[in-house]
Peer 1: 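Mind looking over this structure? Questions follow.
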Amino acid sequence: MRSNSSNQYPSCGRSATLGLRILLALACSVAGSVADKADAYVPPPRSLAPPMGWNTWYSVNVHIDAQLIADMADALVTSGLRDLGYKQVGMDAGWWMANAGPARDVSGNIIVNPGFFAGTSFTTMKDLADYVHGKGLTLGIYTDTGPEGCAGHNGSGGYEVQDAALFASWGIDHVKVDHCGSNISGRTTEQSYRVWRDAISLTGRAITLNVCNWGQESPWTWGPGLGQSWRSGHDIWASNPFAWNDVVVNFDANYHPGSSGPGAFNDPDFLIIGPQFGGGLSVNEEQSYFGMWAISAAPLILTADIRSIGPATMAIVGNPEVIAVNQDAAYMQGVLVSKIGDLEVYSKPLAATGERAVLLLNRGATAATITANWSDIGVSAGSATVRDLYARTNLGTFVNSYTSPLIPPHGSMMIKVSGSASTPLYAATSVVAAGFEASKAMDGSPSTMWHSSWEDRYYFPQYVHIDLGANRIVNQVKYLPRQDQLSDPVGGKNGVITDYRIETRVAGGDWVGVGSGSWPIDMTEKHAFFPPRQARFIRLVALSGFNGFASAAELSADHLGPSTGTLTAPVSAFASSVYATGFEASKAIDGNLSTMWHSSVMQQWTYPQHVTLDLGSIKTVKSLTYVPRKDQITDLAGRNGVIKSYNLRLSLDGWTYVSAGSGSWPVDMAQKTIIISDTSARYVRLEASDGHNGLVSAAEVWVGVQ
């Protein structure tokens, strides 16, 4: 928790034999932004990458004012850090009137500390936000879940809707909500942050939320649905001076890779890197610190005084190749794949096929070499090229493994391994004892297993990932419960997953639920079938398990047919609507989740609208599945364009269409499927006769054929 002590600075920072599957990836509407209409600044679309920026806390504590914020914004630009991705400017505690007078005016609005604007040309927070925005940066602010927050400062408990609206009117882009004030009566911690999420939604402004409850009550299990990031452990500056042990404790507490994903990340706290912090870390330790955060897909939030940042610090935090690992469009947290004593290897799947970022970490007190085996990191056997990302130099081609030079105590080396292909790599939320790593669930042996940690028992959901290495067509997950009979006298059933959900995503996309259900508590192999779809990443989400555990002896995913981009028959798409550039019907079959088919704004409320697929030849059509658009920018709940009433029409010649099914869908983000009797057709048309807010659009549509 937050402390009044000056040396304890707290912070806070988702088969050809079964038929042709055609994927239509879509994105954001041309209907416009819901940003504050009085504000000429339009916040950028929600970033799916970990946030990067700077925060006041560890550098100046509560001693902040508008001039400092403006100066730091200037420094982010002139230093070049903005252009490397550091675009958030975060105001932590100290901006709000505290202890010296009333915290709110007669209308209940927050009173800004009267000295905050002294000596500047700024008179309001809106003025300051406009200045920061003019630098190509975003502005963040701080509050608390309780009426009073840390060290006697005020909070927003009971005022969330009013405070969120005020922040939006100022032009705030992200808000960090601390938890020193606990919860107001009747709420759980999750509910307190849910209230904040909903209050932000009501503003119509794309404000991101940082959940800051120091890893208590397992925020990695509920944070992904609420915030852009959630603190996974206590405040990182726990000793004086700041020490290496502070870094590794928070790094370990942050190890929940199954929870991390596009737009939602585990947060191990800020980066205390730079000589102004008293030299608590050596240069090697600072380099490892940055590499550990980068491989973890953690927020990269600097706290050093940017105005005086030196070359040594800049060489670490300004390394574009390490930053690229953190920001990579696979959005995966690195996974511990090898541990021999104090020597560890972490592998992070990258968006490019066959590429892994690998951190070789020496936690020990003696210099040592560390080996990365291709079989551990998820690269196919054979030759692969290796690049040193710290030194930004190519090291050459290696076969089956790479062994580092001597790595100093508390030092590390980050490499990128590029192979001809990649093999499945598993990731899990849990910290596990040696011998129960997630990779054990793919070794082909029913005598070894992945197993959620003892500390995490009863904390659900638990996740296990599969990385297929490239986008493929998938339709099934197989799960074999642990086969040991030692830990449970009644049939070895400990850890049998009972309730589950299956989610998939393509690289650069969001997680999409494709199926859920329950399995019996027995030792037989279990199957989860779902409509064939394109995916690179699949995860089995364990919602409950026998005796409070989740474990698996073997896990696999069936992928069908060729990789994305090689279809078994010619496919084209056309539609009834006129489109703005970027929303053409052809976007419905490009395999990119960030593009979409979308009816013209000029034709909204004019129905029917339709998108038609030409399969290239006559096939036996069995189904059509549709996923609504997943963007959250133009509508508070992301529902613009959800098709409410539909007609599925089929044609042999493209002229005469016959209805194969019709009905209505609820206005939600769930996947919708039409199952029909086998029907011969070359052309498949999804016809929308009504859509939410007068628009029709889709994030994914595919056709099941034989």
Side-chain angles (χ1 to χ4, degrees), residues 1-13 52-64 68 72 75 79 81 86 90 92-94 150-151 212 214-215 231-255 267-296 298-319 322 326 342 344 359-367 390 407-414:
M1 292 183 65
R2 283 188 176 268
S3 167
N4 292 316
S5 170
S6 62
N7 68 358
Q8 197 169 12
Y9 291 164
S11 72
C12 214
M52 296 176 61
W54 176 86
N55 185 275
T56 58
W57 184 253
Y58 286 122
S59 180
V60 296
N61 198 247
V62 299
H63 308 296
I64 67 173
L68 173 73
M72 290 300 180
S79 67
L81 287 167
Y86 294 96
D92 215 284
C150 304
C212 183
W214 326 295
R231 273 282 298 282
S232 53
H234 62 60
D235 302 315
I236 193 168
W237 197 330
S239 59
N240 191 16
F242 185 59
W244 170 247
N245 188 62
D246 297 333
V247 174
V248 296
V249 166
N250 275 40
F251 178 65
D252 290 341
N254 196 60
Y255 192 71
D267 175 13
D269 206 1
F270 299 153
L271 292 163
I272 305 176
I273 294 177
Q276 78 182 85
F277 299 111
L281 300 182
S282 69
V283 173
N284 283 333
E285 288 170 339
E286 287 189 332
Q287 179 64 83
S288 294
Y289 184 0
F290 193 69
M292 291 152 76
W293 265 231
I295 205 77
S296 300
L300 300 181
I301 307 298
L302 305 175
T303 55
D305 189 332
I306 304 302
R307 296 168 297 186
S308 58
I309 192 168
T313 301
M314 190 67 179
I316 294 173
V317 303
N319 185 325
V322 178
N326 176 265
D342 292 321
E344 297 178 343
L359 183 73
L360 309 175
L361 178 63
N362 180 4
R363 294 187 182 227
T366 305
Y390 290 166
I407 295 176
H410 302 172
S412 65
M413 181 179 188
M414 184 179 285

Peer 1: Taking it one step at a time, do I309 and V317 satisfy side chain to side chain contact (heavy atoms under 4.5 Å, CB included)?
Peer 2: CA-CA 10 Å; I309 192 168; V317 303; 4.1 Å; yes

Peer 1: Could you list the residues that satisfy ring-ring contact (aromatic ring centres under 6.0 Å, His included) with W54, not counting sequence neighbours?
Peer 2: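 W54 satisfies ring-ring contact (aromatic ring centres under 6.0 Å, His included) with no other residue.
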
Peer 1: Got a second to check how far F270's CZ is from S59's OG, nearest 0.5 Å?
Peer 2: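 If we round to the nearest 0.5 Å, F270:CZ and S59:OG are 12.0 Å apart.
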
Peer 1: Any idea which heavy atoms bring P409 and A365 closest together, and the distance?
Peer 2: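 Where P409 meets A365 most closely, the heavy atoms are CG-O, 3.3 Å.
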
Peer 1: Would you say the side chain of I306 lies within less than 4.5 Å of the side chain of Y86, judging by non-hydrogen atoms?
Peer 2: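 With C-beta onward as the side chain, the pair stays apart.
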
Peer 1: At what distance, to the nearest 0.5 angstrom, does CG of D92 lie from OG1 of T56?
Peer 2: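 Separation between the atoms: 4.5 Å.
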
Peer 1: Please list, chain by chain and in numerical order, all residues satisfying side-chain hydrogen bond (donor to acceptor under 3.5 Å, both in side chains) with N326, sequence neighbours excluded.
Peer 2: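 So N326 forms no side-chain hydrogen bond (donor to acceptor under 3.5 Å, both in side chains) with any residue.
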
Peer 1: Who are the side-chain hydrogen bond (donor to acceptor under 3.5 Å, both in side chains) partners of N319, not counting sequence neighbours?
Peer 2: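 For N319, no residue satisfies side-chain hydrogen bond (donor to acceptor under 3.5 Å, both in side chains) once neighbours in sequence are set aside.
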
Peer 1: Go through it in stages, so that I can follow the logic: the residues are L68 and R307, the test is side chain to side chain contact (heavy atoms under 4.5 Å, CB included), and I'd like the CA-CA distance, side-chain angles, deciding distance and then a yes or no.
Peer 2: CA-CA 10 Å; L68 173 73; R307 296 168 297 186; 3.6 Å; yes

Peer 1: To the closest 0.5 Å, what do you measure between OH (Y58) and CG (L302)?
Peer 2: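 Separation between the atoms: 13.5 Å.
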
Peer 1: For residues L271 and I301, determine if any side-chain heavy atom of one lies less than 4.5 Å from a side-chain heavy atom of the other.
Peer 2: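 The answer is no, as the side chains (C-beta and beyond) never meet within the 4.5 Å cut-off.
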
Peer 1: Could you tell me whether H410 and W244 have their ring centroids closer than 6.0 angstrom?
Peer 2: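 They qualify: ring centres under 6.0 Å apart.
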
Peer 1: Before giving the answer on side chain to side chain contact (heavy atoms under 4.5 Å, CB included), spell out for E344 and N362 the whole-Å C-alpha distance, their side-chain angles and the decisive distance to 0.1 Å.
Peer 2: CA-CA 7 Å; E344 297 178 343; N362 180 4; over 6 Å; no

Peer 1: How would you list, by chain and number, every residue that makes a ring-ring contact (aromatic ring centres under 6.0 Å, His included) with F290, sequence neighbours excluded?
Peer 2: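 Testing F290 for ring-ring contact (aromatic ring centres under 6.0 Å, His included), a comparison that skips the adjacent residues, returns none.
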
Peer 1: W293 versus N254: any side-chain heavy-atom pair under 4.5 Å?
Peer 2: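 Counting from C-beta outward, W293 and N254 never come under 4.5 Å.
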
Peer 1: Which heavy-atom pair separates S288 from G411 by the least distance, and what is that distance?
Peer 2: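 That would be OG-C, 3.1 Å.
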
Peer 1: For side chain to side chain donor-acceptor pair (under 3.5 Å), just list the numbers for N55 and T303, CA-CA rounded to whole Å, side-chain angles, deciding distance to a tenth of an Å, and then say yes or no.
Peer 2: CA-CA 5 Å; N55 185 275; T303 55; over 6 Å; no

Peer 1: Find out whether W237 and F242 are in side-chain contact, i.e. whether some heavy atom of one side chain is under 4.5 Å from a heavy atom of the other.
Peer 2: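 Yes. Closest side-chain heavy atoms under 4.5 Å.
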
Peer 1: Indicate yes or no: at least one non-hydrogen side-chain atom of I272 is less than 4.5 angstrom from one of E286.
Peer 2: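 They are not in contact (no side-chain heavy atoms under 4.5 Å apart), so the answer is no.
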
Peer 1: So which heavy atom on I273 is nearest to which on A304, and how close?
Peer 2: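 Minimum heavy-atom contact is O-CB, 3.5 Å.
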
Peer 1: Rounded to the nearest 0.5 Å, what separation is found between the CE atom of M72 and the CD1 atom of I64?
Peer 2: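 It comes to 11.0 Å.
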
Peer 1: Sequence neighbours left out, what passes side chain to side chain contact (heavy atoms under 4.5 Å, CB included) with S282? Give chain and number order.
Peer 2: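 Testing S282 for side chain to side chain contact (heavy atoms under 4.5 Å, CB included), a comparison that skips the adjacent residues, returns N284, E285.
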
Peer 1: Report the C-alpha distance between I316 and Y289 in whole Å, list the side-chain angles of each, state the deciding distance to 0.1 Å, and finish with yes or no for side chain to side chain contact (heavy atoms under 4.5 Å, CB included).
Peer 2: CA-CA 10 Å; I316 294 173; Y289 184 0; over 6 Å; no

Peer 1: Go through the structure and list residues passing side-chain hydrogen bond (donor to acceptor under 3.5 Å, both in side chains) with S296, not counting sequence neighbours.
Peer 2: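 S296 satisfies side-chain hydrogen bond (donor to acceptor under 3.5 Å, both in side chains) with no residue once adjacent residues are dropped.
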
Peer 1: With a 4.5 Å limit on heavy-atom distance, are the side chains of T313 and P275 in contact?
Peer 2: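 Of all side-chain heavy-atom pairs linking P275 with T313, at least one is under 4.5 Å.
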
Peer 1: Is there a side-chain contact between D235 and N250 in this structure, where contact means two heavy atoms from C-beta onward sitting under 4.5 Å apart?
Peer 2: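 Contact flag for D235/N250 side chains = no.
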
Peer 1: Can you confirm whether I407 sits close enough to L360 that some side-chain heavy atom of one is under 4.5 Å from a side-chain heavy atom of the other?
Peer 2: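 They are in side-chain contact.
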
Peer 1: Which value, rounded to the nearest 0.5 Å, describes the distance between M292 atom CE and Y255 atom OH?
Peer 2: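 Between M292 CE and Y255 OH, I get 13.0 Å after rounding to 0.5 Å.
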
Peer 1: Once you round to the nearest 0.5 Å, how far does CE of M414 lie from CG of L361?
Peer 2: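 One gets 10.0 Å once the value is rounded to the nearest 0.5 Å.
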
